[in-house]
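Below: the structure, in structure tokens.
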Amino acid sequence: MGDGFELSVSAVSGLADAFADQQQRFHQLGGPLRDAAATIDTGDAGLDAETRAVIGRVNTMLGLIGDTWDRLAGAVDTVVDNVQQTDQQVAGSYRELLDGVAGTGTAQNVPMA
């Protein structure tokens with residue numbers, strides 16, 4: 001980790017999974033809020049409407065948070081995929097260079113991660 005750009009694929013994939021799991025929870029909170037808003041009856045129609053509006057805004061906010069976490073999960077997955085693909089391309093290019101240099105043997109003799 002750090003300036004050397006070493007990456008623990010399992011750790012970063014775990015982070016993406018955590019974002020994905022949590023985004024579902026934000027969306028699930030909306031159902032009980034909608035149910036609660038539907039049952040509000042204080043006897044004051046104005047207060048009921050305002051309370052429902054506040055609950056609606058909170059519900060919208062929770063949905064936006066869930067959507068954002070979902071996008072973060074996708075972005076982190078993309079980073080992992082890109083790092084793995086780039087690493088494989090660099091390793092392949094390195095093997096080709098080693099195979100082309102006389103007297104060094106083949107890339108099969110060089111351990112690759």
Table please: side-chain donor-acceptor pairs of residues 15-26 below 3.5 Å, with sequence neighbours left out.
from  : atom 1 : to    : atom 2 : distance (Å)
Gln23 : NE2    : Ala20 : O      : 3.4

Could you list the donor-acceptor pairs under 3.5 angstrom formed between side-chain atoms of residues 46-54 and any protein atom two or more places apart in sequence or on another chain?
from  : atom 1 : to    : atom 2 : distance (Å)
Asp48 : OD1    : Thr42 : N      : 2.9
Asp48 : OD1    : Thr42 : OG1    : 2.6
Asp48 : OD2    : Thr42 : N      : 3.4
Thr51 : OG1    : Leu47 : O      : 2.8
Arg52 : NE     : Ala37 : O      : 2.9
Arg52 : NH2    : Ile40 : O      : 2.6

Exercise for the section: Check side-chain contact (heavy atoms from CB on, under 4.5 Å) between Thr78 and all other residues, then give those that pass, not counting sequence neighbours. Expected result: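 Result, side-chain contact (heavy atoms from CB on, under 4.5 Å) vs Thr78: Asn82.
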Handout entry: Check: Leu62 and Leu33 side chains under 4.5 Å, non-hydrogen atoms
Key = yes
Handout entry: Residue pairs involving residues 54-66 (criterion side-chain hydrogen bond (donor to acceptor under 3.5 Å, both in side chains); sequence neighbours excluded)
Key = none
Side chains of residues 64-71: which donor-acceptor partners sit under 3.5 Å, not counting sequence neighbours?
from  : atom 1 : to    : atom 2 : distance (Å)
Asp67 : OD1    : His27 : NE2    : 3.0
Thr68 : OG1    : Leu64 : O      : 2.9
Thr68 : OG1    : Arg71 : NH2    : 3.2

Practice task
Check whether any side-chain N or O of Thr86 sits under 3.5 Å from a backbone N or O of Val83 as a donor-acceptor pair, and report yes or no.
Solution key: no
